[in-house]
Each structure stands twice: as C-alpha cells, then as structure tokens.
Amino acid sequence: MDAMRHHGRVVLITGAGSGIGRAAAIRFAREGARVVATDVDGAALDGTLKAIADAGHDARGVRADITDPDGIARIVAEAGGRVDVVVNNAGIMDHFLPLTELDDATWDHVLAVNLTAVMRLCRATVPAMREAGGGAVVNVASIGGLTGWVAGTAYVTSKHAVIGLTRSIAALYADDGIRCNAVCPGGVETNIGVTSAPAVEWAFERLGRSFARSRPAAQPDQIAALVSWLASEEAANVNGAIVTADGGFMA
C-alpha cells in the first residue's frame, strides 16, 4: 500500500457498504484519495465510513439507489465537479435462474444494477474527466462475464455486457487520456446477499459442475488492491484490459 498513490484524487466507489466496495474505499482513502463512497444500504455505508475514520482518514458518503437517475446525480454532485477515478463495483446476483424460469422483474433489476447504472455513472463522469485531461474507470465485472457457468442468465448477460461497455469506453476515449478497465473476480467473500440464493434446483445442479474447480474464495482486499493499481498511474499503459482475478479458475 502506497500512501501517495492516489494523493488528492477524487474517487467515486459504488457498492461501498461491504465486500470489495468497502475494501476499495478503505484502500483508496489510505492511499491518499478523496473518496466518495455510495451504497443503497445506509447502515452498511456508515460502517465503511467509520472504518475509514478509524484509520485516520476522511471520506464522504452518499446513500443512493444507483438504478435511479437522481441517485446518480447526487453521487456526482457530491464529488464537487471533479472526478479522477470511478469504481463501478455495485452488483447483485440473480438466484441462478435459467432462461426458462427467468421472470421479467429479475431480468430488469439485475441489468439495472449491474449494467445500466454502470453506463449512467460513466456517462455522468467521463465529461469531467475529458475536461480535466484524463481519468480512470475500473468496472468490477466477473468471470461470469467470460463464461456461462457461474450464475444465471441475467447475471451472466449483465457481466458480459459490462465487458463490452468497458472496451467501448476504452476505445473511444483513450485520446482524451481516459482509461477504462475491468476486473473479473471469481469467488470472493462478499455480502452479495439474498440474490445469491439458488431458486431452481436443476439449474443450480448443472452450474455446480463448474464449482468443483473453484479456488478458495478471495478476500475483498485482494481484489481491491488490483482495482487500486488499475486506477493508478502505474497502470498508465493499461486500457481496455479485462483482468481475471479468480485464482486460476478460468485457466
């Protein structure tokens, strides 16, 4: 950990109330960033802000629903007009629902959180990065964006699309000094919540064939360390990269 790595930079982090988001918020704060942390769960977000304060650092928190355009606007407003780094971490699972059992409400909600909110936050912050002469976006995708074997149809679709969004931003805005990369974790000890409870037994059993080759779940800070590096100037030549952090699962 480098206390000067992100000195003075403004970093927005979604899903900061727990798991990778909390670990990233703490790490960026310790590395000198002005962190704007957001989560839909106010109590969880308060826990993150307390952990940062206990470590001797400051951060601002915004309780917001990222599926609501007004929530996105409030997050960006809290940054005060300057954004150097965006970490799109918030995400939900889909109960491992297969196509034939997938209801519209689940499909719409999973894509709203995992994909549309990512697009909207990038759309709201990239103009400030262009005006400032550069910036970095790190999207937390998943190995579910590289294979169909680890979740249900909606989740897998959303994470594949995040990878496409990442590459599009990287290609179109590289000339503006903006880099956009994605991290694809495997299993991580996070609090993704009730949306990970399997709802269709036969589908979960079939997907379970892949679980036998899963590595032990990573700790959130192991992923946060990679996110921090990708956002830093040390990764200045890394753009449009899709980086697996799965302990060798995809290998």
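As a basis for the values below, the full set of heavy atoms in this structure was taken, side chains included, without hydrogen atoms, waters or symmetry mates.
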Open item on the list: For a 4.5 angstrom cut-off between non-hydrogen side-chain atoms, does Leu207 reach Val150?
Closed with: no
Open item on the list: With a 4.5 Å cut-off on side-chain heavy atoms, are His57 and Arg30 touching?
Closed with: yes
Open item on the list: Hydrophobic clusters here meaning ILVMFWY residues chained together by side-chain heavy-atom distances under 4.5 Å, can you tell me if Leu121 and Met129 are in one?
Closed with: yes
Open item on the list: Measuring only between side-chain heavy atoms, which start at C-beta, is Pro185 closer than 4.5 Å to Asp246?
Closed with: no
Task: Sidechain N-carboxylate O distance under 4.0 Å for Asp46, Lys50 - done: no
Open item on the list: On a heavy-atom basis, which atom in Ile163 and which in Gly145 lie closest, and how many Å separate them?
Closed with: CD1-O, 3.3 Å
- [ ] May I ask you to test the Leu146-Thr244 pair for a side-chain heavy-atom distance under 4.5 Å?
- [x] yes
TODO: Taking the side chain as every heavy atom from C-beta outward, state whether Asn114 and Ile92 have any atom pair closer than 4.5 Å.
DONE: yes
Open item on the list: How close do Val110 and Met93 get, counting heavy atoms only, and between which atoms?
Closed with: CG2-O, 3.6 Å
TODO: Determine whether Val40 and Leu12 fall in the same hydrophobic cluster, where Ile, Leu, Val, Met, Phe, Trp and Tyr are linked whenever their side-chain heavy atoms lie under 4.5 Å apart.
DONE: no
Open item on the list: With rounding to the nearest 0.5 angstrom, report the OG1 to CZ distance, Thr166 to Arg179.
Closed with: 13.0 Å
TODO: Please answer whether the main-chain N or O of Arg9 pairs with a side-chain N or O of Arg34 as donor and acceptor at a distance below 3.5 Å.
DONE: no
- [ ] Could you pull out the closest heavy-atom pair between Gly240 and Asn181, with the gap in Å?
- [x] N-OD1, 3.0 Å
Open item on the list: Can you tell me if Asn237 has over 12 outside heavy atoms packed within less than 6.0 Å of its CG?
Closed with: no
Open item on the list: If I take atom CZ from residue Phe96 and atom CH2 from residue Trp202, how far apart are they, to the nearest 0.5 angstrom?
Closed with: 13.5 Å
Open item on the list: Would you say Ile20 ends up clustered with Leu230 if hydrophobic residues are merged whenever their side chains have heavy atoms under 4.5 Å apart, either directly or through other cluster members?
Closed with: yes
Open item on the list: Check whether Arg120 reaches the backbone of Ala73 with its side chain - one donor and one acceptor, N or O, closer than 3.5 Å.
Closed with: no
- [ ] Taking atom types as modelled, find out whether His6 and Ser228 have a side-chain donor-acceptor pair closer than 3.5 angstrom.
- [x] yes
- [ ] Evaluate the side-chain proximity of Val126 to Val83: yes if any heavy-atom separation is below 4.5 Å, no if none is.
- [x] no
Task: Residue pair Val200, Leu97: steps toward the side-chain contact (heavy atoms from CB on, under 4.5 Å) verdict - done: CA-CA 6 Å; Val200 178; Leu97 286 171; 3.6 Å; yes
Open item on the list: Applying salt bridge (charged side-chain N to carboxylate O under 4.0 Å, His left out) to Glu234 and Arg5, what does each step give before you reach the verdict?
Closed with: CA-CA 9 Å; Glu234 298 162 59; Arg5 172 181 274 172; 2.7 Å; yes
TODO: Check for a donor-acceptor pair, side chain of Arg22 on one end and backbone N or O of Ala44 on the other, with a separation under 3.5 Å.
DONE: yes
Open item on the list: For the backbone of Ala197 and the side chain of His95, can you confirm whether one donor and one acceptor N or O come within less than 3.5 Å of each other?
Closed with: yes
Open item on the list: What verdict does the side-chain contact (heavy atoms from CB on, under 4.5 Å) test give for Gln219 and Glu189, after you've listed the backbone C-alpha separation in whole Å, the side-chain angles of each residue and the deciding distance to 0.1 Å?
Closed with: CA-CA 6 Å; Gln219 295 300 311; Glu189 291 189 9; 3.4 Å; yes
Open item on the list: Nearest 0.5 angstrom please: Asp84 CG to Ile178 CD1, how far?
Closed with: 11.0 Å
Open item on the list: Restricting to non-hydrogen atoms, name the atom on Ile223 and the atom on Val188 that form the minimum distance, rounded to 0.1 Å.
Closed with: CG1-CG2, 4.0 Å
Task: Heavy-atom closest pair, residues Thr48 and Ser18 - done: OG1-N, 4.4 Å
- [ ] Would you check if Glu201 and Arg206 make a side-chain contact, meaning some heavy-atom pair closer than 4.5 Å?
- [x] no
Task: Minimum heavy-atom distance Ile66-Val113, with the two atoms named - done: CD1-O, 4.1 Å
TODO: Kindly compute the distance separating CG (Asp94) from CG (Leu102), expressed to the nearest 0.5 Å.
DONE: 7.5 Å
Open item on the list: I'd like to know if Arg27 pairs up with Glu31 as an ion pair, taking the criterion as any Lys NZ or Arg NE/NH1/NH2 lying under 4.0 Å from an Asp or Glu carboxylate oxygen.
Closed with: yes
TODO: Keeping the roles fixed (side chain from Thr38, backbone from Val62), state whether a donor-acceptor pair exists under 3.5 Å.
DONE: yes
- [ ] Go through the steps for Val118 and Asn139 under the test side-chain contact (heavy atoms from CB on, under 4.5 Å), then give the verdict.
- [x] CA-CA 8 Å; Val118 176; Asn139 295 324; 3.6 Å; yes
Task: OH-SG distance between Tyr173 and Cys122, expressed to the nearest 0.5 angstrom - done: 10.0 Å
- [ ] Flag yes if more than 12 heavy atoms outside Asp58 fall under 6.0 Å of its CG atom; otherwise flag no.
- [x] no
Task: Any donor-acceptor pair under 3.5 Å from Asn239 side chain to Ala170 backbone - done: yes
Task: Point-to-point distance, once rounded to the nearest 0.5 Å, from CH2 of Trp149 to CZ of Arg209 - done: 5.0 Å
Open item on the list: Using side-chain heavy atoms (C-beta onward) and a distance below 4.5 Å, is Thr153 in contact with Val156?
Closed with: no
- [ ] Examine Val11 and Val76 and state if one hydrophobic cluster contains both, with Ile, Leu, Val, Met, Phe, Trp and Tyr joined whenever side-chain heavy atoms are less than 4.5 Å apart.
- [x] no
TODO: Keeping the roles fixed (side chain from Ser232, backbone from Trp229), state whether a donor-acceptor pair exists under 3.5 Å.
DONE: yes
- [ ] Return yes when atom NE2 of His160 has more than 12 non-hydrogen atoms of other residues, nucleotides or ligands closer than 6.0 Å, and no otherwise.
- [x] yes
Task: Leu115 reachable from Val140 in the ILVMFWY side-chain graph, under 4.5 Å edges - done: no
Open item on the list: Please determine whether side chain to side chain donor-acceptor pair (under 3.5 Å) holds for the pair Thr14 and Asn88, giving the CA-CA distance in whole Å, both sets of side-chain angles, and the decisive distance to 0.1 Å.
Closed with: CA-CA 6 Å; Thr14 68; Asn88 285 299; 4.5 Å; no
